[in-house]
Undergrad: 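Submitted below is the structure of interest, expressed as structure tokens.
Numbers here are sequence positions counted from 1. Remember, predicted model here, so these are calculated numbers, not experimental data.
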Amino acid sequence: VQLQASGGGLVQAGDSLRLSCAASGRALNSFAVGWFRQTPGKEREFVAAISRGGSTTYYTDSVKGRFTISRDNAKNTVYLQMNSLKPEDTAVYYCAAVELGWGDSLRSRGKYDYWGQGTQVTVSS
């Protein structure tokens, strides 16, 4: 499966963005999908994940209540709605997919088999 992340941009603190992760090559409903982010000099960190069917979601504490991950399997796309953005959310955001993944294992970047290219999110204060 090939993943294409998009939707990043430059916004002000408090604004919203919606990132999209579009899949091609295979049906995305065969995969759990996660979003990760990375800033220069730091490790790529977990942001959110969603199970294959979409019934279960996971978030890192710093984005709970502000970010929402969802999926539209008919469109082969996973979304990350980001509200109330903060300057510390500035990063390159990556989506990733794994066929055999569930539970807290989805918080680990090593679990994922497929990665999209990143999309830059910059939040100014």
Side-chain angles (χ1 to χ4, degrees):
V1 65
Q2 292 78 46
L3 303 175
Q4 178 80 30
S6 62
L10 172 62
V11 297
Q12 293 186 330
D15 286 350
S16 299
L17 278 175
R18 187 177 79 161
L19 304 184
S20 298
C21 177
S24 60
R26 289 185 61 185
L28 196 56
N29 60 12
S30 297
F31 299 86
V33 176
W35 284 96
F36 291 75
R37 64 188 180 188
Q38 188 170 23
T39 54
K42 293 188 176 181
E43 292 187 348
R44 195 169 296 185
E45 66 171 2
F46 171 76
V47 177
I50 189 165
S51 61
R52 288 191 297 179
S55 61
T56 308
T57 56
Y58 309 84
Y59 298 94
T60 192
D61 286 346
S62 63
V63 308
K64 283 180 181 177
R66 299 189 298 122
F67 291 12
T68 302
I69 189 170
S70 62
R71 64 191 303 155
D72 185 338
N73 286 335
K75 294 184 177 180
N76 237 22
T77 302
V78 169
Y79 303 99
L80 185 67
Q81 178 68 42
M82 305 187 296
N83 298 330
S84 302
L85 281 161
K86 304 176 180 180
E88 51 263 43
D89 294 318
T90 295
V92 178
Y93 284 70
Y94 299 88
C95 61
V98 57
E99 282 189 275
L100 298 178
W102 52 85
D104 284 339
S105 71
L106 294 178
R107 298 176 182 271
S108 171
R109 65 182 184 272
K111 185 65 179 177
Y112 292 84
D113 301 312
Y114 305 95
W115 290 84
Q117 91 299 349
T119 184
Q120 176 72 47
V121 172
T122 303
V123 185
S124 63
S125 57

Undergrad: I'd like to check the ring pair (Phe, Tyr, Trp, His ring centres under 6.0 Å) partners of F46; sequence neighbours left out, ordered by chain and number.
TA: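 Listed in chain order: F36.
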Undergrad: How many angstroms lie between CG in L19 and OG1 in T77, if you round to the nearest 0.5 Å?
TA: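 Here the interatomic distance stands at 12.5 Å.
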Undergrad: Applying a strict under-4.5 Å side-chain criterion to I, L, V, M, F, W and Y, I'd like to know whether W35 and Y59 cluster together.
TA: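 Cluster IDs for W35 and Y59 match.
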Undergrad: Considering non-hydrogen atoms only, spot the tightest contact between S16 and V11 and give its length.
TA: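 Minimum heavy-atom contact is O-CG1, 4.4 Å.
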Undergrad: Check whether any side-chain heavy atom of Q38 lies under 4.5 Å from a side-chain heavy atom of R109, and answer yes or no.
TA: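 In short, these two side chains do not touch, never coming nearer than 4.5 Å.
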Undergrad: State plainly whether one hydrophobic cluster holds both I69 and V47, where clusters connect Ile, Leu, Val, Met, Phe, Trp and Tyr through side-chain heavy atoms under 4.5 angstrom apart.
TA: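 Same cluster: I69 reaches V47 through Ile, Leu, Val, Met, Phe, Trp or Tyr contacts under 4.5 Å.
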Undergrad: Distance check, rounded to the nearest 0.5 Å: K86 atom NZ versus S125 atom OG?
TA: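 Between K86 NZ and S125 OG, I get 13.5 Å after rounding to 0.5 Å.
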Undergrad: Given side chains that start at C-beta, do those of Y112 and V33 come closer than 4.5 Å, heavy atoms only?
TA: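 Of all side-chain heavy-atom pairs linking V33 with Y112, none is under 4.5 Å.
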Undergrad: Quick one about Q120 and T122 (side-chain donor to acceptor, distance below 3.5 Å, no hydrogens or angles considered), yes or no?
TA: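 On atom types as modelled, these side chains qualify, holding a pair under 3.5 Å.
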Undergrad: Applying disulfide (SG to SG under 2.5 Å) as the test, list every pair that has at least one member in residues 9-69; sequence neighbours left out.
TA: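 Matches after skipping sequence neighbours: C21-C95.
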Undergrad: What is the distance from atom OG1 of T57 to atom NZ of K64, rounded to the nearest 0.5 Å?
TA: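 The OG1 atom of T57 sits 9.5 Å away from the NZ atom of K64.
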Undergrad: Measure the spacing between OG of S6 and OH of Y93 and express it to the nearest 0.5 Å.
TA: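 Between atom OG of S6 and atom OH of Y93 there are 15.0 Å.
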Undergrad: Between the side chain of R26 and the main-chain N/O of V1, is any donor-acceptor distance below 3.5 Å?
TA: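 Checking the backbone N and O of V1 against the side chain of R26, no donor-acceptor pair under 3.5 Å is found.
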Undergrad: Do R18 side-chain atoms and G8 backbone N/O form a donor-acceptor pair below 3.5 Å?
TA: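 No, R18 side chain to G8 backbone: no donor-acceptor pair under 3.5 Å.
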Undergrad: If Ile, Leu, Val, Met, Phe, Trp and Tyr residues are connected whenever their side-chain heavy atoms lie under 4.5 Å apart, and connections chain through other members, are V78 and W115 in the same group?
TA: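 Hydrophobic grouping puts V78 apart from W115.
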Undergrad: Starting at CZ of R71, measure out to CG of L80 and round the result to the nearest 0.5 Å.
TA: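 Going from the CZ atom of R71 to the CG atom of L80 covers 13.5 Å.
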Undergrad: At their closest point, which heavy atom of L17 faces which heavy atom of G9, and how far apart are they?
TA: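 Closest approach of L17 to G9, heavy atoms only: CD1-N, 3.9 Å.
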Undergrad: Are L28 and L3 side-chain neighbours, meaning at least one heavy-atom pair lies under 4.5 Å?
TA: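 Sidechains of L3 and L28: in contact.
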Undergrad: So, applying side-chain contact (heavy atoms from CB on, under 4.5 Å) with T90, which one of L10, L85, V123, V121 is it?
TA: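 The option that passes is V123.
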Undergrad: Would a distance-only check, ignoring hydrogens and angles, find a side-chain to backbone donor-acceptor pair under 3.5 Å from Y58 to S105?
TA: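 Not a single qualifying donor-acceptor pair exists.
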Undergrad: Does NZ or CZ of R44 fall inside the cone over Y94's six-membered ring, less than 6.0 Å from its centre and within 45° of the axis?
TA: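 Positive - R44 is close enough to the ring of Y94 and near enough to its axis.
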Undergrad: Could you work out, with salt bridge (charged side-chain N to carboxylate O under 4.0 Å, His left out) as the rule, every residue matching E45, not counting sequence neighbours?
TA: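 Salt bridge (charged side-chain N to carboxylate O under 4.0 Å, His left out) check on E45 returns R37.
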Undergrad: Closer than 3.5 angstrom, by distance alone: can the side chain of Q4 be matched with the main-chain N or O of Q117 as a donor-acceptor pair?
TA: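 Side chain of Q4 to backbone of Q117: no pair is present.
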Undergrad: Between M82 and Y79, is there a shared hydrophobic cluster once you connect ILVMFWY residues whose side-chain heavy atoms come closer than 4.5 Å?
TA: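 They do not share one cluster, since no chain of ILVMFWY contacts under 4.5 Å joins M82 to Y79.
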Undergrad: CG/D15 to OG/S84 distance, rounded to the nearest 0.5 angstrom?
TA: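 It is 9.5 Å, given to the nearest 0.5 Å.
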